[in-house]
Student: 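Structure incoming, see below.
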There are 2 protein chains.
Amino acid sequence: MSKQAASLPVIDLTADTPCCPPLAQRRVPAETAAVLAPAFKALGDPVRLQLMSMIASAEGGEACVCDLTPAFDLTGPTISHHLKTLREAGLVDAERRGTWVYYRARPAILRQLAGLLTVDPTAAA
Amino acid sequence: MSKQAASLPVIDLTADTPCCPPLAQRRVPAETAAVLAPAFKALGDPVRLQLMSMIASAEGGEACVCDLTPAFDLTGPTISHHLKTLREAGLVDAERRGTWVYYRARPAILRQLAGLLTVDPTAAA
DNA sequence: TGTCTGATTCGACAGACGTCAAGACAGGCG
DNA sequence: CGCCTGTCTTGACGTCTGTCGAATCAGACA
């Protein structure tokens, strides 16, 4: 990732984000929207949504790229690109161990997003 | 981007969608991903995320376009375009009453999305 | 009827996105 | 060392997206 920091924010939502009163409870301020929208955007592709699920639901909490790639009818570079998108959105972490690279979900941000979308149970459908 | 459905799917997620065991619990099947990803995608823009919040948190559960538009530094057509995107994603409903058009959130799909992102509280950050 | 206001649609444009092939990089092994 | 396998980066291509101005549609009202 030998790039300048400008293009790769690598959001850290684990800590001081102006987090998550439910979307339907208080109006989301522009700054919060700017921070969280990229995470939703990252989940807004069917392939990435499945990748996210495969990683988050994997045994041991992590998944190897070598297991993810063959699950799709896409080339390796394309999967790698999607994983990079998830990484830059702060949704997953990557770690190289020997030959293989493992991806791990970051539950904190998932909880934030879920909290944002939470709806009062008394609200009608 | 992936495919593009003919034109206006206008997803109805209120009923028979193969809904929502949490993303981290069971791997999301391709069909479910294809149905839900567009909803996340619709929320993946800061303007739409704020629009969604303004609508969902509005008094009476609905918001007039005339109240939404001036909250942004964007033209009317652009706001209208974003609202159309939210509508096509099944996140909101529109209703014209006289001169004004009112938008109303659809809690059911918000609940589905929130459920998908739910994480076991025992999971570490 | 005509006109005014609010909202959407249309047409166009720059920029971003998803995808692939080809190449580069990293680590293991002979 | 060289070679192999797994992963990522680069460069390119076509499509989609966000935005605007202009035109159009829908009601209200005189």
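Each chain gets a letter, A, B and so on, in the order the sequences are listed, and its residues count up from 1.
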Student: Taking S80(B) for its side chain and G76(B) for its backbone only, find out whether a donor-acceptor pair lies under 3.5 Å.
Tutor: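 A pair under 3.5 Å: no.
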
Student: Whether R97(B) engages the ring of Y102(B) as a cation-pi pair (distance to the six-membered ring centre under 6.0 angstrom, angle to the ring normal within 45°) should be assessed.
Tutor: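 Relative to the ring axis of Y102(B), which defines the angle, R97(B) lies inside both limits.
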
Student: Enter the distance from R48(A):CZ to L86(A):CG here, rounded to the nearest 0.5 Å.
Tutor: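 If I round to the nearest 0.5 Å, the distance is 6.5 Å.
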
Student: Could you state the atom-to-atom distance from OH of Y102(B) to P of dA7(C) in whole Å?
Tutor: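 Rounding to the nearest Å, OH of Y102(B) and P of dA7(C) are 9 Å apart.
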
Student: What nucleotide among dT17(D), dG18(D), dT8(C) has an atom nearest to a side-chain atom of R48(B)?
Tutor: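 Of the options given, the side chain of R48(B) lies nearest dG18(D).
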
Student: Under a 3.5 Å distance rule, please check whether T69(A) uses its side chain to pair with a backbone N or O of T75(A) as donor and acceptor.
Tutor: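 Checking the backbone N and O of T75(A) against the side chain of T69(A), no donor-acceptor pair under 3.5 Å is found.
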
Student: Measure CG/D45(B) against P/dT17(D) and give the value in whole Å, please.
Tutor: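 Checked: the CG to P distance equals 11 Å.
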
Student: Rounding to an integer number of Å, can you tell me how far K41(B) NZ sits from dG18(D) C1'?
Tutor: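 The answer, rounded to whole Å, is 13 Å.
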
Student: Is a side-chain donor or acceptor of R104(A) paired with a backbone partner of R106(A) at a separation under 3.5 angstrom?
Tutor: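 No.
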
Student: What contact category does Y103(A) fall into here, base, sugar-phosphate, or nothing, at under 4.0 angstrom with non-hydrogen atoms?
Tutor: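 Sugar-phosphate contact only.
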
Student: When you measure from every atom of DNA chain D, which of residues 72-82 of chain A have a heavy atom less than 4.0 Å away?
Tutor: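 By residue number: P77(A), S80(A).
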
Student: Does R96(B) use its side chain to pair, donor to acceptor, with the backbone of G98(B) at less than 3.5 Å?
Tutor: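 Indeed, once roles are kept as given, a pair shorter than 3.5 Å links the two residues.
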
Student: Can you sort out which residues in residues 49-59 of chain A have a heavy atom within less than 4.0 Å of DNA chain C? Ascending by number, please.
Tutor: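 By residue number: none to list.
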
Student: Could you state the interatomic distance from CG (L23(A)) to CD (Q50(B)), rounded to the nearest 0.5 Å?
Tutor: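 Answer rounded to 0.5 Å: 10.5 Å.
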
Student: Just verifying a value: how many Å separate L117(A) CG and F40(B) CZ, rounded to the nearest 0.5 Å?
Tutor: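 These two atoms lie 6.5 Å from each other.
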
Student: Closest heavy-atom contact between S53(A) and V28(B)?
Tutor: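 Distance-wise, the nearest heavy atoms are OG-N, 2.8 Å.
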
Student: Grab the NZ-P distance between K84(A) and dA16(C) for me, whole Å please.
Tutor: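 So the NZ-P distance, K84(A) to dA16(C), works out to 14 Å.
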
Student: Could you tell me how far apart L86(A) (CG) and dG18(C) (P) are, to the nearest whole angstrom?
Tutor: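 Taking CG of L86(A) and P of dG18(C), I get 10 Å after rounding.
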
Student: Looking only at heavy atoms, what is the nearest atom pair of A39(B) and L113(B), with distance?
Tutor: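 Here A39(B) and L113(B) meet closest at CB-CD1, 3.9 Å.
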
Student: Do nucleotides 24-30 of chain D as a string where each nucleotide becomes B, S or -: B if the base has a protein heavy atom under 4.0 Å, S if just the sugar-phosphate does, - if no protein is that close.
Tutor: --SSS--

Student: First locate atom CG of D67(B), then atom CD of E62(B), and finally report the distance between them rounded to the nearest 0.5 Å.
Tutor: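 Here the interatomic distance stands at 10.5 Å.
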
